[in-house]
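Below: one structure, written as structure tokens.
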There are 2 protein chains.
Amino acid sequence: MKYIDKLRNSGLRPTKQRLQICEVLFSTEKTFHFTINDLEQKIKNKINNKISLATIYNTVHAFEKKGYLKQIPINSNQTYFDTNVTDHHHFYDLKNEKLIDLENSDVGPINIKRKINGKKIKSVEVLVKLED
Amino acid sequence: MKYIDKLRNSGLRPTKQRLQICEVLFSTEKTFHFTINDLEQKIKNKINNKISLATIYNTVHAFEKKGYLKQIPINSNQTYFDTNVTDHHHFYDLKNEKLIDLENSDVGPINIKRKINGKKIKSVEVLVKLED
DNA sequence: ACACTTGTTTAGAATCATTATAAACAGGAT
DNA sequence: ATCCTGTTTATAATGATTCTAAACAAGTGT
């Protein structure tokens with residue numbers, strides 16, 4: 001079962017709650033953006049039972065650390081996550097405060113010419129802010 | 001006096017406190033990154049007298065709206081601002097939680113091929129995360 | 001110079017996302 | 001089944017940001 005692998009890989013035991021979180025995050029083909037609150041709501045809707053915020057934060061952060069989720073760099077009062085962990089970027093519509101995926105092919109290769117001593121590049125993320 | 005213009009342009013009256021904030025933000029040739037707390041400290045050091053946080057937030061946000069300051073899109077518990085409002089990008093060193101400027105010429109032109117109906121691009125920002 | 005209106009500053013309270021706590025509970029190895 | 005250790009939970013603590021409302025200052029008109 002792939003959820004169990006994801007959890008074990010993230011250093012987490014496969015508990016009932018965590019499997020339910022996985023179900024919400026990873027069962028659909030379509031990827032999506034979410035905040036912790038969005039996720040809490042989705043879980044409440046899907047199963048008929050709430051999972052405490054502490055558990056949700058905990059699990060999401062473990063997945064993020066292992067690369068099963070990505071944080072989207074944006075200044076907002078809430079942290080946004082993405083279930084799409086492939087290399088890609090985002091539009092951010094300032095008026096609606098909505099994120100839109102931007103495929104890598106829509107941006108073209110980004111070649112960072114400068115090097116920082118002793119550091120390697122973990123990710124390159126482009127945020128395109130939109131206004132009316 | 002250019003500070004007065006910046007303030008008036010941002011819809012703010014040039015008060016003593018706001019001029020002092022301007023002095024800290026815009027008097028040096030060298031640009032810098034800061035959080036609201038950093039700024040509060042800098043002000044305390046520069047003048048011998050504190051300015052209330054409400055005033056600092058207020059002024060910084062007005063400047064940001066007018067483009068005299070830029071928010072740096074990054075997920076952190078604090079919001080980062082940049083006095084460098086030219087087109088440029090950032091490295092973010094995950095270990096030290098430090099930002100480093102990345103000149104446009106070190107990234108090369110970024111051409112966003114996809115268009116969103118009725119929206120125009122306000123900014124394109126690249127964040128390069130660094131690890132050891 | 002004075003008074004008046006309206007914008008500003010301030011300290012402190014309120015809010016809200018996130019993190020910490022510690023007690024009850026559950027996995028899973030033996 | 002037992003035991004050890006990790007997990008869940010409700011709730012409290014934290015900390016950045018925003019709100020509030022009272023004291024104050026700018027700028028205008030007299």
(message) Expressed as a whole number of angstroms, how long is the span from Q78(B):CD to dT18(C):P?
(response) 15 Å
(request) Take the protein atom CD1 of I74(B) and the nucleotide atom P of dA16(D), then report the distance between them rounded to whole Å. (result) 15 Å
(message) Can you tell me which nucleotide in dT9(D), dA26(D), dT10(C) comes closest to the side chain of R13(B)?
(response) dA26(D)
(request) Quickly work out the L53(B) CG to dG15(D) P distance and round it to whole Å. (result) 14 Å
(request) Kindly say if Q17(A) contacts the phosphate of dA26(C), meaning a side-chain N or O under 4.0 Å from OP1 or OP2. (result) no
(request) Ignoring backbone atoms, establish whether T79(A) has a side-chain N or O less than 4.0 Å from OP1 or OP2 of dT18(C). (result) yes
(message) Heavy atoms from C-beta onward define the side chain here; which of dG27(D), dT10(C), dT17(D) lies closest to that of I36(B)?
(response) dT17(D)
(message) Let's see if you can work this out: which of dT7(D), dT18(C), dT9(D) has an atom nearest to the side-chain heavy atoms of T15(A)?
(response) dT7(D)
(request) Would you indicate, yes or no, if dT19(C) has its OP1 or OP2 atom less than 4.0 angstrom from a side-chain nitrogen or oxygen of H61(A)? (result) yes
(message) Taking the basic N atoms (NZ, or NE/NH1/NH2) and the acidic carboxylate oxygens, is any pair closer than 4.0 Å for K120(B) and D132(A)?
(response) no
(message) Any side-chain N or O of Y57(B) below 4.0 angstrom from OP1/OP2 of dT18(D)?
(response) no
(message) Just verifying a value: how many Å separate I56(A) CD1 and E40(A) CD, rounded to the nearest 0.5 Å?
(response) 5.0 Å
(request) Select from Y80(B) and K16(A) the residue whose nearest nucleotide in DNA chain D is closer to the 5' end of that strand. (result) K16(A)
(request) Kindly say if R18(A) contacts the phosphate of dT8(D), meaning a side-chain N or O under 4.0 Å from OP1 or OP2. (result) yes
(message) In whole Å, I'd like the distance from the CD atom of E40(B) to the C1' atom of dT10(C).
(response) 13 Å
(request) Rounded to the nearest angstrom, tell me the gap between atom NZ in K44(A) and atom C1' in dT9(D). (result) 14 Å
(request) Starting at atom CD1 of I56(B), determine the distance to atom P of dG12(C), rounded to an integer number of angstrom. (result) 16 Å
(message) Using 0.5 Å steps for rounding, measure from the CD1 atom of I72(A) to the CG atom of D101(A).
(response) 7.5 Å
(message) Just the rounded figure in Å: distance from P of dA26(D) to CG of L7(B).
(response) 13 Å
(request) For L19(A) and dA26(C), give me the distance from atom CG to atom C1', rounded to whole Å. (result) 13 Å
(message) Any side-chain N or O of K50(B) below 4.0 angstrom from OP1/OP2 of dA11(C)?
(response) yes
(message) Does F81(B) form a ring-ring contact (aromatic ring centres under 6.0 Å, His included) with Y68(B)? I'd like the steps, not just the answer.
(response) CA-CA 10 Å; F81(B) 294 91; Y68(B) 292 126; over 10 Å; no
(message) Looking at dT10(C), I'd like to know if its phosphate oxygens (OP1 or OP2) sit under 4.0 Å from a side-chain N or O belonging to T55(B).
(response) yes
(message) Would a single hydrophobic cluster contain both I74(B) and I110(A), if residues Ile, Leu, Val, Met, Phe, Trp and Tyr are joined by side-chain heavy-atom contacts under 4.5 Å?
(response) no
(request) Ignoring backbone atoms, establish whether R8(B) has a side-chain N or O less than 4.0 Å from OP1 or OP2 of dG27(D). (result) yes
